[in-house]
Amino acid sequence: MAQRVTPYKSGINYWLLVADPDDYSYADLERNTAAVWNRVKDYASLKHLRDVDSDEEVLFFHGGTELAIVGIARVTSDPYPDPQGTSADEWVLDIVPERRLESPVPLTEIENLPELQDLDLVSNPDLTFMPVTPEMWNRILELSEAPLALSTQENQE
């Protein structure tokens, strides 16, 4: 009997979006409980945005004066043309807040780690939406939990 062929699944991908907290912050996303993410305008970021699948996770980076990753959002739709866009090239997706990080991860800390030098946030800071490898994702989450882990270790000594 022939084996059943299953369709290819790409696996879960991880992403990072950049937002100016004066315009729209992670706290705004938490308060609104959902958002249509329509703040991606540059070509390279739009190209990345079109590769997102529903249910993937996104690191939420505050640009402006804060310059830190502050939370995680979950994508709840596949990308779709911006209904309020002025061009057929404009795409959006729906996101919801997943959780705030234990501690924000500042860009200065990311820039100082050799294992995160290939992150587009460091090498191409003009992007507003970018992929993140699973290894980088896990390292960033470790960094966000590090102060908590250190304080726990100190209490056990």
Side-chain angles (χ1 to χ4, degrees), residues 7-82 85 89-150 152:
Y8 170 75
K9 291 208 175 207
S10 65
I12 297 294
N13 298 303
Y14 298 102
W15 308 94
L16 183 142
L17 64 81
V18 177
D20 183 342
D22 292 336
D23 179 41
Y24 196 89
S25 69
Y26 193 77
D28 293 327
L29 180 60
E30 289 174 318
R31 184 175 45 259
N32 297 338
T33 68
V36 174
W37 198 254
N38 60 357
R39 291 161 175 80
V40 178
K41 302 297 180 196
D42 63 280
Y43 177 77
S45 294
L46 281 166
K47 189 175 174 187
H48 292 310
L49 184 121
R50 288 188 204 124
D51 291 335
V52 176
D53 290 323
S54 181
D55 211 36
E56 291 182 335
E57 291 181 314
V58 179
L59 292 168
F60 202 104
F61 179 84
H62 278 174
T65 57
E66 189 172 346
L67 300 177
I69 298 171
V70 298
I72 298 174
R74 180 167 300 282
V75 177
T76 59
S77 73
D78 287 334
Y80 56 93
D82 187 346
D89 295 330
E90 294 178 49
W91 289 71
V92 299
L93 47 80
D94 301 329
I95 61 172
V96 297
E98 189 72 19
R99 75 182 199 281
R100 190 172 284 275
L101 295 182
E102 293 287 331
S103 299
V105 179
L107 179 59
T108 54
E109 189 170 357
I110 293 168
E111 290 173 331
N112 288 328
L113 294 171
E115 65 268 28
L116 296 177
Q117 293 307 298
D118 290 335
L119 182 63
D120 284 336
L121 188 62
V122 174
S123 62
N124 192 354
D126 293 333
L127 292 179
T128 57
F129 196 90
M130 60 201 73
V132 177
T133 66
E135 296 79 17
M136 289 178 186
W137 177 275
N138 290 331
R139 182 67 177 121
I140 290 166
L141 294 184
E142 285 174 10
L143 293 171
S144 76
E145 297 165 356
L148 181 62
L150 289 174
T152 305

Using a 3.5 Å distance criterion without hydrogens, assess whether the side chain of Asp20 forms a donor-acceptor pair with backbone atoms of Gly63.
no
For the residue pair Tyr24 and Trp37, categorise the inter-ring angle as parallel (less than 30°), tilted (30 to 60°) or perpendicular (more than 60°).
perpendicular
So, does Ser45 use its side chain to make a donor-acceptor pair with the main chain of Thr128 at under 3.5 Å?
yes
Within the side chain of Tyr26, is there an N or O that forms a donor-acceptor pair under 3.5 Å with the backbone of Arg99?
yes
Locate the shortest heavy-atom distance separating Ile110 from Leu116; write the atom from each residue and the value.
O-CB, 3.8 Å
What is the distance from atom CZ of Arg39 to atom CG of Asp82, rounded to the nearest 0.5 Å?
10.5 Å
When rounded to the nearest 0.5 angstrom, what distance separates CG in Leu119 from CD in Glu135?
12.5 Å
Do Asp42 and Leu127 have side chains that approach each other closer than 4.5 Å (heavy atoms only, starting at C-beta)?
yes
Keeping Gln117 on the side-chain end and Glu111 on the backbone end, is there a donor-acceptor pair under 3.5 Å?
yes
Is there a side-chain contact between Val105 and Phe61 in this structure, where contact means two heavy atoms from C-beta onward sitting under 4.5 Å apart?
no
If you count heavy atoms of other groups shown closer than 6.0 angstrom to NZ of Lys41, is the number above 12?
yes
Closest non-hydrogen atoms of Ser54 and Ser77, given as atom of the first, atom of the second and distance, are OG-N, 3.6 Å
Please name the pair of heavy atoms, one in Leu93 and one in Pro79, separated by the smallest distance, quoted to 0.1 Å.
CB-CA, 4.3 Å
May I ask you to decide if Asp53's main-chain N or O and Glu56's side chain share a donor-acceptor pair within less than 3.5 Å?
yes
Looking at every non-hydrogen atom in both residues, tell me the closest pair between Pro104 and Pro106 and how far apart they are.
O-CD, 3.3 Å
Where is the tightest heavy-atom contact between Asp78 and Val52, given as atom of each residue plus distance?
OD1-O, 4.2 Å
State whether the side chain of Asn124 and the backbone N or O of Asp120 hold a donor-acceptor pair below 3.5 Å, judged by distance alone.
no
Treating Glu98 as the side-chain partner and Arg74 as the backbone partner, does any N or O pair qualify as donor plus acceptor under 3.5 Å?
no
Taking the side chain as everything from C-beta on, heavy atoms only, tell me whether Asn38 gets closer than 4.5 Å to Glu90.
no
Validation row: Ile72, Trp137 side chains within 4.5 angstrom (heavy atoms):
yes
Is there a side-chain contact between Pro131 and Tyr14 (heavy atoms, below 4.5 Å)?
no
Taking all heavy atoms of Pro97 and all of Glu30, pick out the closest pair and write down the distance.
CG-CA, 3.9 Å
Do Arg139 and Val132 have side chains that get closer than 4.5 Å, going by heavy atoms?
no
d(Leu49 CG, Phe129 CZ) to nearest 0.5 Å is 5.0 Å
Enter the distance from Leu46:CG to Asp51:CG here, rounded to the nearest 0.5 Å.
11.5 Å
Can you measure from CE (Met136) to CG (Asn138) and round to the nearest 0.5 angstrom?
11.5 Å
Are the side chains of Leu113 and Leu143 in contact, using a 4.5 Å heavy-atom criterion?
yes
Separation of His48 NE2 from Trp15 CH2 (nearest 0.5 Å):
7.0 Å
